[in-house]
Chemist: 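Have a look at this one before I ask anything.
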Amino acid sequence: MMFETRERQHVANCPKCDTPHRYTELKFPMINDRGSWLVACRKCAQHFAFDLRNPMESYSADCVIVERFDDDVGPYTGNAPRPGASAVYQLDMNPDEPRFELDAFAIFKCAKTGEDLEAAAFLALGKSWLRVADGRAQAANQMLARSQLPAVEHAVFAVDVPCSCGEPHRAIFYHAFRLDGSDMPPLDDLLLADVSGTDLTDVLTGVLSKTDVMQALEKLIARWRLFSDQILLATPFVAHQWKTKAERLAIWERLLAQLDPSRTMLMTRGATFKEYRAALIEFGLDHDMLSRFGLENRIVGDGKRKQDSHAKVYMGLGDTCEVLSGSANVVKGGSMENITFQALRRAKVETSYLTPLGISLPEPRPRLSHHLLIDCRDGEWRWNIMSGAAPKV
C-alpha cells in the first residue's frame, strides 16, 4: 500500500573475509532520512561502512552496529572500507513453516481403542478458542508490562480430549512465541505435539506405505521441534532419481519448510545435494551465489555428506531421544516400507547410531529457559510461565 512502511532486505559482505551480513532497510511513506552504518564484522571484527535509508530505524540481527549516522545531523566521514559485495533480495530459502496436516496419517491414536485423537484434539481446542486466545493476549500484555519475567520460547496449550475409551486424554499444542505484537496464529496453524494415552511405538512400528511414513515423519518433526534439542535426518536419498527436477525441488522444499535451520542436521550423499542444486538452477537460482551472500538454505549448506551408508534414521535428540528408522527414504509413494519407532536414552543413541554413522553434531541453538502454558483447570483457562523450553511428557 502507498502509505505503509516498507521493508527492503539487503546483504553486505565483509570486505576482508566475505562474511555476509543481512539487514532490513525501512522505507517510510513520506519522509526518509539518509545516512550510514559503521559495522564490525561478526567473524573477523573488520570495520566497514555502507549507506542506507533511515539509519536510526532500520535494523539487523546480523550486523554488529558500531555507530549509526544521519546525513542531516552528522554524516559519516571516516575511511572504513565499503562492503566487498552487496545485494538486495526478496526470496527466503529458510521459510521455517511447519504444518500439522489433519488429513494425513494419524500418529496419535488411543492406545486402548485405536481411535484417531488428532481431529478430536483440534475440535476440543476450537471449542474454547476465544478463551484460549484471550488468555494468550493477557499473558503477552503482562509480559510486556513486567520486564523481570523470564524469556519464553513457546506458547503451549493443553486441552482435554474426549475418547470412547472413557479415560482422559490431554493434548499439547504449541506455537513459537514472540513478544512483537503479533496476533495469535489461527487454530489450523498450531502444531500438535502430544496426546497422552497414545503409543507411538505401537502406531509407528510395522509396515506402512512410503506416503504414510513421510506423513508420520512430518508430524514427528512438529513434535520434536517442541520437545527435542536437535533433529537429525540421515537418509541416502531425497526423492526418486526418475522424478523431474521440479518434482524433486517440491519434495526438498516441503521437507525443509518443516525444519528449524538452527537445530537441524541433514546427512545424505553428495549426489543428493547435487540434485537439489541442479533443481535450483532449473529455476534460476544458483546455490553457490546464494551461499556467498548467506542466503542459501542453511540445512543444505551445513549438511553432512556420507557416501557409504544406506541407513534411513530420523531422530529427535535430547536427554531422551526418539528414533524413527527403517527402509524409507524421503519420498512419498504407494510401495510399502518397514519402520520402527523407539524412545532411547541419549547414551544408547550415541553408541548405536551416531558413532557408527560417524556423526559429530554441532552445538544446537540454546533453548530458552521457560515456556508459556495456557490450560484449563476446574473449568477456567489460566496462563502460567513454566520452567523449561517445553513441558514434560
Side-chain angles (χ1 to χ4, degrees), residues 7 59 61 95-102 107-108 117-162 168-198 218-229 257-263 316 318 365-393:
E7 294 187 346
Y59 61 92
D96 195 15
E97 297 172 346
R99 297 279 299 174
F100 191 96
E101 300 290 353
L102 261 181
I107 65 171
F108 296 116
L117 297 176
E118 294 176 358
F122 274 89
L123 183 62
L125 189 63
K127 287 180 178 179
S128 301
W129 187 244
L130 292 179
R131 283 177 290 170
V132 170
D134 183 61
R136 180 191 176 278
Q138 289 181 27
N141 289 337
Q142 287 292 319
M143 293 171 74
L144 286 168
R146 296 158 60 185
S147 60
Q148 298 303 311
L149 293 177
V152 164
E153 182 156 316
H154 294 105
V156 176
F157 310 91
V159 62
D160 291 331
V161 182
H169 295 280
R170 195 158 177 80
I172 299 293
F173 293 86
Y174 75 98
H175 71 83
F177 187 75
R178 302 287 183 270
L179 280 176
D180 56 4
S182 55
D183 294 330
M184 174 89 164
L187 177 61
D188 290 347
D189 286 352
L190 295 187
L191 300 174
L192 178 59
D194 186 64
V195 182
S196 65
T198 61
E218 288 183 359
K219 291 184 176 182
L220 286 175
I221 288 171
R223 173 181 173 84
W224 295 338
R225 288 177 64 116
L226 178 64
F227 294 124
S228 300
D229 297 329
Q258 303 295 315
L259 298 162
D260 178 350
S262 67
R263 294 199 288 124
R365 171 177 56 83
R367 305 192 71 186
L368 298 181
S369 59
H370 290 75
H371 65 277
L372 170 66
L373 176 64
I374 300 174
D375 66 346
C376 185
R377 300 290 181 184
D378 302 322
E380 183 178 349
W381 284 90
R382 300 185 177 93
W383 66 270
N384 287 286
I385 297 177
M386 310 295 289
S387 62
K392 302 293 184 182
V393 293

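Computation of the quantities below employed the complete heavy-atom set of this structure, encompassing side-chain atoms and omitting hydrogens, waters and symmetry-equivalent molecules.
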Chemist: Between Val156 and Leu226, is any pair of side-chain heavy atoms under 4.5 Å apart?
Modeler: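 A side-chain contact exists here, since the closest heavy-atom pair is under 4.5 Å.
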Chemist: Could you check if a side-chain atom of Asp260 sits within less than 4.5 angstrom of a side-chain atom of Arg365, using non-hydrogen atoms only?
Modeler: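 Yes - at least one pair of side-chain heavy atoms lies under 4.5 Å apart.
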Chemist: Evaluate the ring-ring contact (aromatic ring centres under 6.0 Å, His included) criterion for residues His175 and Phe157: first the C-alpha distance (whole Å), next the side-chain angles of each, then the deciding distance (0.1 Å), finally the verdict.
Modeler: CA-CA 9 Å; His175 71 83; Phe157 310 91; 5.8 Å; yes
Chemist: Are side-chain heavy atoms of Glu118 and Leu102 found at a separation under 4.5 Å?
Modeler: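 In short, these two side chains touch, coming nearer than 4.5 Å.
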Chemist: Over all heavy atoms of both residues, which pair between His370 and Ser387 is shortest? Give the atoms and the distance, please.
Modeler: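 Scanning both residues completely, I find the closest heavy atoms to be CD2-CA, 3.5 Å.
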Chemist: Does some side-chain heavy atom of Pro150 sit less than 4.5 Å from a side-chain heavy atom of Ile385?
Modeler: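 Answer yes - side chains close enough.
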Chemist: Over 60° means perpendicular and under 30° means parallel, so classify the ring planes of Phe122 and Phe100, tilted if in between.
Modeler: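 If you compare the ring of Phe100 with that of Phe122, the planes turn out tilted.
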Chemist: Any heavy-atom pair between the side chains of Phe108 and Lys219 that's under 4.5 Å?
Modeler: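 Sidechains of Phe108 and Lys219: no contact.
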Chemist: Closest heavy-atom contact between Arg263 and Ser228?
Modeler: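 Smallest heavy-atom distance, with atoms named: NH1-O, 2.6 Å.
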Chemist: Checking Asp134 side chain against Leu130 main chain: does a donor-acceptor pair fall under 3.5 Å?
Modeler: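 No, because the side chain of Asp134 does not come within donor-acceptor range (under 3.5 Å) of the backbone of Leu130.
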Chemist: Distance check, rounded to the nearest 0.5 Å: Leu192 atom CG versus Leu117 atom CG?
Modeler: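 One finds 9.5 Å between CG of Leu192 and CG of Leu117.
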Chemist: If you look at every heavy atom in Gly126 and Leu187, which pair is closest and at what distance?
Modeler: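 So the minimum-distance heavy-atom pair works out to CA-CD2, 3.7 Å.
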Chemist: Side-chain contact, heavy-atom cut-off 4.5 Å: His371 with Pro391?
Modeler: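 Yes, at least one pair of side-chain atoms sits under 4.5 Å.
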Chemist: Mind listing the closest non-hydrogen atom pair of Ile172 and Phe227 along with its distance?
Modeler: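 In terms of heavy atoms, the two residues are closest at CG2-CZ, 4.4 Å.
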Chemist: Give, for atom CG of Asn141 and atom CE of Met143, the distance between the pair rounded to the nearest 0.5 Å.
Modeler: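 Spacing of CG (Asn141) from CE (Met143) equals 11.0 Å.
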Chemist: Has the side chain of Gln258 got a donor or acceptor atom that lies under 3.5 Å from a matching backbone atom of Arg99?
Modeler: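 Indeed, once roles are kept as given, a pair shorter than 3.5 Å links the two residues.
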Chemist: How long is the span from the CG atom in Asp160 to the NE2 atom in His169, to the nearest 0.5 Å?
Modeler: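 The CG atom of Asp160 sits 10.5 Å away from the NE2 atom of His169.
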Chemist: Quick check: closest heavy atoms across Trp383 and Ala139, and the distance to 0.1 Å?
Modeler: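 It is CD2-CB, 3.5 Å.
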Chemist: Say you draw a straight line from CZ of Arg367 to NE2 of His154; how long is it, rounded to the nearest 0.5 Å?
Modeler: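 Those atoms lie 6.0 Å apart.
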Chemist: Can you find a pair of side-chain heavy atoms, one from Glu7 and one from Tyr59, that are under 4.5 Å apart?
Modeler: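 Glu7 vs Tyr59: side chains touch.
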Chemist: So if I apply the side-chain contact (heavy atoms from CB on, under 4.5 Å) rule between Tyr174 and each of Leu191, Leu190, Leu373, which one comes out positive?
Modeler: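 Checked Leu191, Leu190, Leu373 against Tyr174; only one passes side-chain contact (heavy atoms from CB on, under 4.5 Å): Leu191.
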Chemist: Mind checking the CZ-CG spacing from Arg170 to Asp375? Nearest 0.5 Å is all I need.
Modeler: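 If I round to the nearest 0.5 Å, the distance is 5.0 Å.
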Chemist: Considering non-hydrogen atoms only, spot the tightest contact between Asp194 and Val393 and give its length.
Modeler: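 Smallest heavy-atom distance, with atoms named: OD2-CG1, 3.9 Å.
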Chemist: How long is the straight-line distance from CZ of Phe177 back to CG of Leu368, given to the nearest 0.5 Å?
Modeler: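 Here the rounded value is 11.5 Å.
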